[in-house]
There are 2 protein chains.
Amino acid sequence: MSDRKVISFENLKIACKSCSLVTLCLPMGLDPEDMDRLDRIIKRSRPLHRGDHLFRESDPFECLYIVKTGSVKTYAPSEDGGEQVLGFHLPGELIGLDAIENASHNCSAKVLETAAICEIPFGHLEELSTSMPSLQHQMYRLLSREISQDESMLTLLGKNNAEERLAAFLLSLSARFKRRGFSPYDFYLSMSRHEIGNYLGLAVETVSRLFTRFQEEGLLEVERKHIKLLDLQRMETVTRRSHSDKDRIQST
Amino acid sequence: MSDRKVISFENLKIACKSCSLVTLCLPMGLDPEDMDRLDRIIKRSRPLHRGDHLFRESDPFECLYIVKTGSVKTYAPSEDGGEQVLGFHLPGELIGLDAIENASHNCSAKVLETAAICEIPFGHLEELSTSMPSLQHQMYRLLSREISQDESMLTLLGKNNAEERLAAFLLSLSARFKRRGFSPYDFYLSMSRHEIGNYLGLAVETVSRLFTRFQEEGLLEVERKHIKLLDLQRMETVTRRSHSDKDRIQST
DNA sequence: CTTTTCGTTTGATCTGGATCAAGTTGATTC
DNA sequence: GAATCAACTTGATCCAGATCAAACGAAAAG
């Protein structure tokens with residue numbers, strides 16, 4: 001009887017080959033047959049809502065997750081109730097790669113905006129990649145990319161001041177929205193000022209003041225979560241405003 | 001004629017199965033036959049000396065490197081001659097994993113202490129791992145571990161103050177020396193104060209003052225590069241001295 | 001041996017961003 | 001509508017750690 005309902009559910013469960021994310025997601029570059037094989041092990045859950053967890057720290061590691069729609073943050077909770085935000089994840093991005101090693105998650109993943117998620121049982125994925133060199137290659141690439149990203153984040157936290165960090169953050173979001181077919185100039189933040197600050201190693205107040213300052217400088221317009229970047233070019237230069245000649249380490 | 005020389009060179013070129021690092025290195029856990037297959041693609045170069053580069057940023061990515069003896073630092077050079085130290089690498093540690101994605105290195109690797117290095121052509125390794133599930137699994141684990149480590153470094157830089165960072169750094173070195181059969185209490189630093197500071201996002205002077213302070217507090221004895229940790233237990237508590245209840249983010 | 005050089009230490013001062021303290025603005029509930 | 005509450009903003013103050021400055025010591029070079 002409730003055929004319509006089933007059908008509308010199924011709409012969310014598009015196969016990889018008909019998914020708009022295919023060019024920037026895990027199956028990227030697989031040939032149609034391989035993509036089908038991968039497709040068969042992927043589970044597509046009903047949408048999760050703001051505040052829901054994909055997994056929590058110390059949960060047993062079963063699956064990798066890919067954001068299909070919506071957004072997700074990952075964070076490392078600390079004993080005392082604090083947390084370090086590790087990343088914000090947009091459609092097509094893979095979550096959980098840091099859990100492979102010790103078979104349990106060492107961060108938590110929480111939904112920021114209602115999200116459709118693809119679940120990939122890692123055991124199956126690993127098995128599949130044994131007989132599918134292109135998939136194995138893709139996994140190596142994605143793992144490696146995650147490392148590169150973490151390293152540039154380390155550089156950002158180690159070397160850049162507050163305004164450089166926020167500028168870099170906004171430009172990163174902008175570029176990622178662009179790749180996904182959204183405007184790189186005009187978008188909504190799915191995270192709070194608090195979460196941005198936490199992610200960037202800054203206090204909320206600093207983030208807030210910087211938004212105000214950037215607006216005064218004509219770099220952007222901001223109204224709550226709504227951001228309009230007015231000058232990407234100039235924002236780019238802000239990320240290097242303090243080109244610190246300091247700590248050069250002379251070659252030995 | 002120079003048989004002795006050849007033999008002494010060959011001493012450095014021990015096969016994985018007779019290498020003392022086998023329990024914490026790439027071939028860890030492979031069965032003897034697989035280990036031999038891996039062994040055959042590994043190149044063992046003559047020792048490199050302080051200041052030599054394994055590779056530089058933007059070099060084409062050909063190989064992964066494993067430190068066999070000595071130590072190596074990796075760092076991201078920036079346009080203006082500065083750099084961000086990304087890591088210090090001890091025997092058994094794999095270097096270059098961040099280069100897989102874009103086929104060229106995005107950091108540089110420089111020898112700190114005369115080092116024997118194993119070179120692993122990545123193309124061959126990837127090929128091999130296609131037909132060797134245990135090797136593939138090991139690669140996934142090592143890539144994942146790198147991500148975990150980078151993430152805990154992000155937390156350290158984002159949340160911890162100067163003394164917590166240095167304490168954590170010393171304990172990390174201590175634990176890694178211990179795993180390698182060296183004393184966890186008594187060791188030599190192969191990097192300068194400057195490089196430690198750079199790695200931890202601190203000024204040289206701060207690092208120096210902290211060493212002095214730790215010594216005054218009876219946590220360690222330091223004489224130039226020589227460190228004696230007197231109380232690991234207490235040092236552990238130093239890494240959490242400021243348990244900042246701040247930035248809790250209430251669950252939504 | 002003396003001189004240079006580079007890494008390190010120590011002291012004095014300065015400052016970016018944290019912290020503290022009020023508001024303000026919207027959204028949600030009653 | 002009023003009341004509550006959470007997210008955000010803005011201002012005032014403070015401080016950890018950066019920066020500046022100077023000296024010291026070890027090791028290398030002459």
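Only this structure's heavy atoms are used, side chains among them; waters, hydrogens and symmetry mates stay out. Reminder, nothing fancy here: chain letters follow the sequence lines and each chain counts from 1. Treat the numbers as computed from the prediction; the structure is a model and nothing was measured.
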Partner of B/Y199 under side chain to side chain contact (heavy atoms under 4.5 Å, CB included), picked from B/R165, B/M191, B/M153, is B/M153
Considering only heavy atoms and no angle criterion, is a donor-acceptor pair shorter than 3.5 Å present between the side chain of A/R209 and the base of D/dG11? yes
Find which nucleotide of DNA chain C each of A/V207 and A/E223 is nearest to by heavy atoms, and output the residue with the more 5' nucleotide. A/V207
Is a side-chain donor-acceptor pair under 3.5 Å present for A/S71 with A/E113? yes
For the pair made of CZ in A/R213 and P in D/dC8, what is the distance, rounded to whole Å? 19 Å
Can you tell which of D/dA7, C/dA18, C/dT9 lies closest to the side chain of A/R224? D/dA7
Could you tell me whether B/G197 contacts a base, only the sugar-phosphate backbone, or nothing, with contacts defined as non-hydrogen atoms closer than 4.0 Å? nothing
Separation of B/R165 atom CZ from D/dA16 atom P, in whole Å? 14 Å
Any N or O donor-acceptor pair linking the side chain of A/E205 to the base of C/dC20 at under 3.5 Å? yes
Assign the ring pair A/H105 / A/F61 to parallel, tilted or perpendicular, where the plane angle (0 to 90°) is split at 30° and 60°. perpendicular
Among D/dC8, C/dT9, C/dG7, the one nearest B/R193 by side-chain distance: C/dT9
Whole Å only: how far is the CG atom of A/N161 from the P atom of D/dA16? 21 Å
Over how many whole Å does the gap from A/M191 atom CE to D/dC8 atom P extend? 11 Å
Would you please confirm or rule out a distance under 4.0 Å between OP1 or OP2 of D/dA18 and any side-chain N or O of B/T206? yes
When the distance from CD1 of B/I227 to P of C/dT8 is rounded to whole Å, what number comes out? 11 Å
Donor + acceptor pair across side chains of B/T74, B/H89 (<3.5 Å): yes
OP1 or OP2 of D/dC8 versus the side-chain N and O atoms of A/K225: is any pair under 4.0 Å? yes
Starting the side chain at C-beta, find the nucleotide from C/dG17, C/dT9, C/dA21 nearest to B/T212. C/dT9
So what does A/A203 hit on the nucleic acid, given a heavy-atom distance under 4.0 Å: a base, only sugar-phosphate, or nothing? base
Check the distance between C/dT8's P and B/F211's CZ and give it to me in whole angstrom. 9 Å
To the nearest angstrom, the CD-P distance between B/E216 and C/dT9 comes to 12 Å
For the pair made of CZ in B/R241 and C1' in D/dA16, what is the distance, rounded to whole Å? 14 Å
Close aromatic pair by centroid cut-off 6.0 Å: B/Y65 and B/F55: yes
